[in-house]
Amino acid sequence: MKRRAFLKATVAAGSAPLILSACTDQNISHSKDANSISGFIFSDAHIGWEHEMQPSLETQAEMIKRIKEFFPHLDLVFDTGDVYHAHIKEPGRKIARDFWLSKMAGEFPTSLVHYIPGNHELGVGLKDAEITASELGSMNLRPYYSFDYKGIHFISLPQLLSTILISRESLNWLKQDLLINREKTTLIFSHNCLKETTFTNDETGYREIVNSDEVYKIINEYNNVIGWFHGHNHQYEIVKKHERLYVSNGRIGGFNPPKHWGDFGQGHLGGIYFEINHIGLNVKCFSATENCFLEDLGLTHLSNHLPSITSYQPDGKTNYYWGHGKLLNDTKHHFHNHYLGHTTPYAIITPNPNTVINENNDLTYETEFFFAGSDINKVVGFVIKPGALKSIDTKDGLMINTLAQKKFQIHFPEENYLYDTYLSRSGYYRCSQNCTYELVAKFSNLNDDTRIKYSFKVLDIEHNVCFKQDKFKSFQLIDNRLQTTFKIPDKMTQEPADNHLYLFITIEVTNPPDNIFVQYINLNQIIDPDKVKPKLFEINNSTFPITEKQTITKSKSLMSPTGIINVQDNNTSHTLLVVTPDVQWQIRNACAELFDDEIHIHSMRHDFQNNPEIILTPTTQKSTFINRLKNITSCKIIYKSDSIIVSDITSSADGGIILISDSSDVSVSNGEIIHKTPEEMHITLNKDISEVTLQYNKT
């Protein structure tokens, strides 16, 4: 098919709705300084899946190339998850991460790129799937985060603990983020869909968020939330409901939805193009297979417009928001900076009213779920063994039919490292040595000879058992509740592989009745009264007092390339929201900091690429800047009036620099220009070169 280009109609301020024209044969592209934000979303690459429906790596690379050529000046690019397939093992995942970084996300070096993890890469087999996802996507701390761009607010909200659950931790953080950004038009990006929006084939155990009502309750308080974009289901779909657009982002790989699902663009690899300006949001489904919008193939329902007076501002600042929704006492978290600006970040610390650590503690998210043609008996966040036992939610709690078993166990969080199931998850109750926990549970309909005991173990990031309680211990019965406390020892029986520890708990019931009811299981961290400390927020050993309600703290320590945050506040958990104002640069794949006109690249965030690449994307238009560093793992970049000096270079091999410049006259010391286009210049460097100067004439 002849290459088609996109013609964007010029919109006069306040005159007519934002209009996206159909594909035409005119080669006219839009630019970043147009009167709207342009973005593209691709999703569900499923790299490594061996199936006839899965496109080859070459095909996927070609589809991304077509997207890039069709939309050459995108402001924003998103990937809403399932980068690689859950069933592949670590060698295949390494190949997938390298391919995604180099041939997919890496194809958009001048766009701000954001990744929202999916259930496949958050599933089985990884040492710590969330840490890996944050490394892959160059996130500062957790896989939930947000940012402002030209006055519009964008939120990443993945499902962490379960394919179908948005964790309480994430929702705590979301509430704070929406509150402080309540005046900004907001789009949310997730991997799964909210119930009763896009098509799910009634597969409640896999294709819709089980706590959708809780999510609705939060976002419905804000009429500025006008869009929810998700992956996972692979169909192209746009539903207008609740004065929002709910959008399923299609597929760049993975299974092709069956035709009986509906007319959802089956057979097309591609994604979603959107534009938003001050008077509306427009969304169009794009086929990279045919290199045009799907509406041009007769699928007119795969384009939609939401008129809305938005907060769009052409000169609005780029701010980045990150943090943690459930900081526990003395549990340290490592942060990494990828968003650089000159303005000092500030932290908003708010106590959480709910201190229960484990998700679904009242066990209401159980299921007669449905997936792949059969019922699924599952309690979100827990594993009940043996698996033949049946459970159902009742007014008296979760009823477990023991099928005359003499013993059964409840394990939480889920712990499953197998590669042969889509629904498995591994837990992440991150903990610390020398911390004390309280476990409280309420069971009913017990026999006189029913006995309920507990045990716990601590694993490290390599899944090594660092400590395990010698034997099951009994609860105390207090006010009709089962209650106990236990302490993670200061000394492990096996030295942890690093500073990440993970707590797993088992409750064992012997001689149960045929039907036993569980009303709740609560895990809390508690502080020994004799060890109460002052209430402090700690950043890289700098401490700040915190109050009973909300504390706002400015700290240049939050600008460090890497660091540690920690809260000390007795028996209270906290939500942390960090605001990095007026971001000037997004740095992908490496940690960095900004000093005046100098960018210091300190270290690579990961080792996922065979040929390391650091991508530096400015948030505003710059006439000349270094956009990519190839095989360079650390350096200093100094901007002067008519030159750029790259010094203190550390290279893993012969490297390269890609310069974006509107100057036609550029000279290079200690390097060679090997390729030049009107927009960019490729410069090679010998591995032994430690400093390069790029001289150019300003236009």
* To do: Please find out if less than 6.0 Å separates the ring center of Tyr321 from that of Tyr145.
  =>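 Judged by ring-centre distance (under 6.0 Å), Tyr321 and Tyr145 do not meet the cut-off.
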* Give a yes or no on whether the ring-centroid distance for His191 and His230 is below 6.0 angstrom. =>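 Here the rings of His230 and His191 have centres that are no less than 6.0 Å from each other.
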Can you classify the ring geometry of [X] versus [Y] as parallel (below 30°), tilted (30 to 60°) or perpendicular (above 60°)?
X	Y	answer
His85	His87	perpendicular
Phe71	Tyr273	parallel
Phe78	Phe189	parallel

Mind listing the closest non-hydrogen atom pair of [X] and [Y] along with its distance?
X	Y	result
Val583	Thr619	O-OG1, 2.7 Å
Met53	Arg251	O-NH2, 3.2 Å
Gly254	Pro55	N-CD, 4.2 Å
Gly253	Gln54	C-OE1, 3.7 Å
Ile272	Ser248	CD1-O, 3.8 Å
Leu306	Glu243	CD2-O, 3.8 Å

* Of Val210, Ile218, Asn211, which meets side-chain contact (heavy atoms from CB on, under 4.5 Å) against Ile166? ->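 Filter result, single survivor: Asn211.
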* To do: From the options Gln266, Lys284, His268, select the one residue that forms a side-chain contact (heavy atoms from CB on, under 4.5 Å) with Tyr236.
  =>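 The side-chain contact (heavy atoms from CB on, under 4.5 Å) with Tyr236 is passed solely by His268 among Gln266, Lys284, His268.
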As an exercise, state the distance from [atom1] of [X] to [atom2] of [Y], rounded to the nearest 0.5 Å.
X	Y	atom1	atom2	result
Glu275	Tyr312	CD	OH	10.0 Å
Ile276	Phe154	CD1	CZ	6.0 Å
Leu294	Glu290	CG	CD	9.0 Å
Thr80	Asn192	OG1	CG	10.5 Å
Thr197	Lys240	OG1	NZ	15.5 Å
His120	Ile47	NE2	CD1	12.5 Å

For [X] and [Y], test the side chains for any donor-to-acceptor distance below 3.5 angstrom and give the result as yes or no.
X	Y	value
Ser303	Glu295	yes
Asp79	Trp100	yes
Tyr149	His153	no
Asn35	Asn277	no
Tyr84	Glu121	no

Counting N and O atoms only, with roles assigned by atom type, does the side chain of [X] sit under 3.5 Å from a partner on the main chain of [Y], one being a donor and the other an acceptor?
X	Y	result
Ser111	Val113	no
Gln60	Ile64	no
Ser102	Asp98	yes
Tyr144	Gly325	yes
Asn224	Lys184	yes
His242	Arg244	no
Asn256	Gly267	yes
Asn377	Ser391	yes
His232	Tyr206	yes
Thr185	Ser311	yes

Min side-chain heavy-atom separation [X]-[Y] under 4.5 Å:
X	Y	value
Ile252	Ser43	no
Ser134	Arg605	yes
Ile309	His278	no
Asn140	Tyr339	yes
Tyr246	Lys241	yes
Phe42	Asn249	no
Phe199	Gln235	yes
Trp173	Ser146	yes

* To do: Run the salt-bridge test on Asp315 and Lys150 with the 4.0 Å N-O cut-off and return the result as yes or no.
  =>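 No, no charged N to carboxylate O under 4.0 Å.
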* **Glu680/Arg628 salt bridge by N-O under 4.0 Å criterion** =>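 Salt bridge between Arg628 and Glu680, a charged N being under 4.0 Å from a carboxylate O: yes.
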* Would one find more than 12 heavy atoms of other residues, nucleotides or ligands at under 6.0 Å from atom CG of Asn223? ->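 It does not: Asn223 CG has 12 such atoms or fewer within range.
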* Picking from Ser167, Ser170, Ser190, what satisfies side-chain hydrogen bond (donor to acceptor under 3.5 Å, both in side chains) with Gln159? ->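 With Gln159 as partner, Ser167, Ser170, Ser190 yield a single side-chain hydrogen bond (donor to acceptor under 3.5 Å, both in side chains), made by Ser190.
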* Output, in order, the C-alpha distance, side-chain angles, deciding distance and verdict of side chain to side chain donor-acceptor pair (under 3.5 Å) for Asp393 and Thr364. => CA-CA 6 Å; Asp393 187 38; Thr364 54; 6.0 Å; no
* Leu101/Glu613 under side chain to side chain contact (heavy atoms under 4.5 Å, CB included): CA gap, chis, key distance, verdict -> CA-CA 9 Å; Leu101 286 163; Glu613 181 179 54; over 6 Å; no
* To do: Quick one: do Glu221 and Lys217 satisfy salt bridge (charged side-chain N to carboxylate O under 4.0 Å, His left out)? Show the steps, please.
  => CA-CA 7 Å; Glu221 293 182 14; Lys217 184 178 180 180; over 6 Å; no
* **Test log, rule salt bridge (charged side-chain N to carboxylate O under 4.0 Å, His left out), inputs Glu107 and Lys65** => CA-CA 7 Å; Glu107 285 297 309; Lys65 182 179 177 182; over 6 Å; no
* Passing candidate, ring-ring contact (aromatic ring centres under 6.0 Å, His included) with His114, options Phe229, Tyr320, Phe147 ->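 Checked Phe229, Tyr320, Phe147 against His114; only one passes ring-ring contact (aromatic ring centres under 6.0 Å, His included): Phe147.
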* Establish, yes or no, whether the cationic atom of Arg97 lies under 6.0 Å from the six-membered ring centre of Phe608 and within 45° of the ring axis. =>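 Positive - Arg97 is close enough to the ring of Phe608 and near enough to its axis.
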* Asked: Going through the distances and angles, do Asp202 and Arg207 end up as a salt bridge (charged side-chain N to carboxylate O under 4.0 Å, His left out)?
  -> CA-CA 8 Å; Asp202 291 328; Arg207 300 201 184 281; over 6 Å; no
* Asked: Given Asn627 and Thr617, is the side chain to side chain contact (heavy atoms under 4.5 Å, CB included) satisfied, shown in steps?
  -> CA-CA 6 Å; Asn627 186 216; Thr617 307; 4.3 Å; yes
